[in-house]
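Down below is the structure, laid out as structure tokens.
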Number of protein chains: 2
Amino acid sequence: MEWSIQEIAKIAGTTSRTLRHYDDIGLLKPSSTGHNGYRYYSQSALVQLQRILLLRELGLGLPVIAQVLDREQDTAEALHGHLGWLEQEQNRLGRQIASVRRTIKAVEGGENLMAEEILDGFDHTRYKDEVEERWGKDAYAMGDAWWRGMGQDEKQAWKQRAQKLGSDWIAAAKAGIAPDSEAAQELAERHVEWLQDIPGTPAAANGQNGVNSGDIKGYVTGLGDMYVADPRFGANYGGTEGAMFVRDSLRIYAELNL
Amino acid sequence: MEWSIQEIAKIAGTTSRTLRHYDDIGLLKPSSTGHNGYRYYSQSALVQLQRILLLRELGLGLPVIAQVLDREQDTAEALHGHLGWLEQEQNRLGRQIASVRRTIKAVEGGENLMAEEILDGFDHTRYKDEVEERWGKDAYAMGDAWWRGMGQDEKQAWKQRAQKLGSDWIAAAKAGIAPDSEAAQELAERHVEWLQDIPGTPAAANGQNGVNSGDIKGYVTGLGDMYVADPRFGANYGGTEGAMFVRDSLRIYAELNL
DNA sequence: CCTTGACCTTGACGTAACGTCAACCTTTAC
DNA sequence: GTAAAGGTTGACGTTACGTCAAGGTCAAGG
């Protein structure tokens, strides 16, 4: 018994285009071809097709399905791997949903979505890439959620605090004092305390992150290096020169106190 | 203050390619262009970019973002709509995950993924399209889960039952008895009882589906029509002739008893 | 024999949002 | 002068087909 392309398509609940596609990519060849080029499919081809469609409904990609059918990969193994990916996706969606909900609340609360003022002084989203690269996506996500979850006045306060810290650093650097001087070390202490108020980072006082507290030292010195290497951060501390002063002060503070 | 394309890319945490893309599709034009064709972006463009990236991270499509930025659509409204889509997706993923888990269990339990034997007599996946079209996606999903959740012997029993029912129908039709005869009505009763054992359909005895029991009558007569109209179903009852006999018997039974 | 309609074929564009060369021009720094 | 860095405009690749487009094949009817 052989069926034409439309017939198996109907039987299996798919379209003839899909069949041609599977033929093109070599996933499922017709069991015979007429002299006129017509594709004909046998019972065994139908079984294969059903398998393909079953796996496809589970979300597997066609290349993976091909491997499974060619016995190049164990079915259960492939499904396990796929399951992991699916769960990751679901988590991602969950986080995204939470973010959207927060944003809706913020917007409906009258907050202008990322107003100009956010730019001057402190803009946390600028650091997205660095943060994600160094401490993982979750770190940024937590910081991001924390930031957007704050009220207008809280944000204002935070920015003022950051700006004050920055200007104090610049003043200290201009004054030519040493990084290991008492004044500089006091600033370093303020800086670390400030960092500890950002959730999701290794420095966060409450250990809600998976990072153990032993990382704080490396985190702080790493930050110092970043301030110097990246002009966007350095700009907050009076350019590269100021950033170097901050870095040295922080390193010394970290060595002595963390 | 103006920035080159790489500079804002870095500041905003994206790539120059993305900026060019946004320029191409008209989502974000550079605030000025040099005589050499270089793109330059101002502070306000940066703000727009940040807004775009924020919305993009929330999963909105670029066309929607464009509408929001052009004030053609309310931000909160767009986010609400998007939220609905996200939740749908999450649900879909959840169902898919459950399906994959069941399939893994089946495969690891030694069941050959859709073996040949499934084809003869009864293959529920053949009816996917019809079931989904007539009674919704959930109906098929539930029936599907139910089928794959059964053990090998249970499936065997089910198929035997289906096949016995089919052959009895064929025999009755061949015997030339009337659809309203006692023998035919007994068969119709068996048929309905059989249908009631398939979860997710309007006929299911336990009302786990959102369908009210008043639909059973329409469901049964509708099925009869389908048997006649679709040769795949009719084949189970001895072709179109037999299917017509089944349809008439079922219709009479439904009128009298449902 | 011719037409009509149903079904088949291959070929090619479109989809979302860019990543990734390729080929070529500018600016900056040494 | 030249090399490095950065800019420009194409154009292809990505996933799994949907959707024409142009044209050949086959069974039935006038």
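Order of the sequence lines sets the chain letters (A, B, ...), proteins ahead of strands, with each chain counted from 1. Note that the coordinates shown come from a computational prediction; the quantities given were computed from them, not determined experimentally.
Donor-acceptor pairing under 3.5 Å is lacking for the side chains of H82(A) and Q96(B). Residues S32(A) and E2(A) bring a donor and an acceptor atom of their side chains to less than 3.5 Å of each other.
Summarising the local packing, NZ of K29(B) is surrounded by more than 12 heavy atoms from other residues, nucleotides or ligands at distances under 6.0 Å.
We find that CG of D23(A) is positioned 14 Å from P of dC8(C), with the value rounded to whole Å. Atom NE2 of H21(A) is separated from atom P of dT15(C) by 18 Å (rounded to the nearest Å). Per the geometry, CG belonging to L49(B) stands 15 Å off P belonging to dA17(C), to the nearest Å. Counting to the nearest Å, the C1' atom of dT15(D) and the CG atom of D24(A) are 15 Å from each other. Here the P atom of nucleotide dA16(D) and the CG atom of L28(A) are 15 Å apart, to the nearest Å. Protein atom CD1 of I52(B) is 13 Å distant from nucleotide atom C1' of dA17(C), rounded to whole Å. Here the C1' atom of nucleotide dG6(D) and the CZ atom of R39(B) are 13 Å apart, to the nearest Å. One can place CD of E2(A) at 19 Å from P of dC7(C), the figure rounded to the nearest angstrom.
Using a 4.5 Å heavy-atom threshold, the side chains of Y40(B) and P30(B) count as separate. Side-chain atoms of L54(B) and Q50(B), non-hydrogen and from C-beta on, never get closer than 4.5 Å to each other. Side-chain contact between E77(B) and H80(B): absent, with no pair of heavy atoms (C-beta onward) separated by less than 4.5 Å. Side chains of I97(B) and L83(A) form a contact here, defined as non-hydrogen atoms less than 4.5 Å apart. A 4.5 Å side-chain heavy-atom check between L19(B) and L49(B) finds at least one atom pair inside the cut-off. Side-chain contact between Y22(B) and I52(B) is present, with heavy atoms from C-beta onward closer than 4.5 Å.
Within the nucleic acid shown, S16(A) has no heavy atom closer than 4.0 Å to any nucleic acid atom. Residue Y22(B) is in sugar-phosphate contact alone, with no base atom involved, counting any heavy-atom pair closer than 4.0 Å across all strands shown. I25(A) comes within 4.0 angstrom of no nucleic acid atom, judged by non-hydrogen atoms across all strands.
Checking the phosphate oxygens (OP1, OP2) of dC18(C), no side-chain nitrogen or oxygen of R20(B) falls inside 4.0 Å. Close to dC17(D), at under 4.0 Å from its OP1 or OP2, lies a side-chain N or O of R56(A).
Over its length, the helix from dC1(C)-dG30(D) to dC30(C)-dG1(D) turns its helix axis by 40°, as judged from the five terminal pairs at each end, rounded to 10°.
In this structure, R101(A) pairs ionically with E87(B), as a charged nitrogen and a carboxylate oxygen lie closer than 4.0 Å.
The nucleotide whose nearest atom lies closest to any side-chain atom of Q6(A) is, among dT9(C), dG6(D), dC7(C), dC7(C).
Proximity of a side-chain donor or acceptor of S31(B) to a complementary backbone N or O of S42(B) within less than 3.5 Å is detected.
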Problem set entry | B/S/- contact track for nucleotides 19-30 of chain C, protein heavy atom under 4.0 Å | BB-----BS---
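For DNA chain D, the residues of residues 59-66 of chain A within the heavy-atom distance limit of 4.0 Å (strictly under) are G61(A), L62(A), P63(A), sorted by number.
Contact record, S16(B) with I5(B): O-CD1, 3.7 Å, taken as the closest heavy-atom pair.
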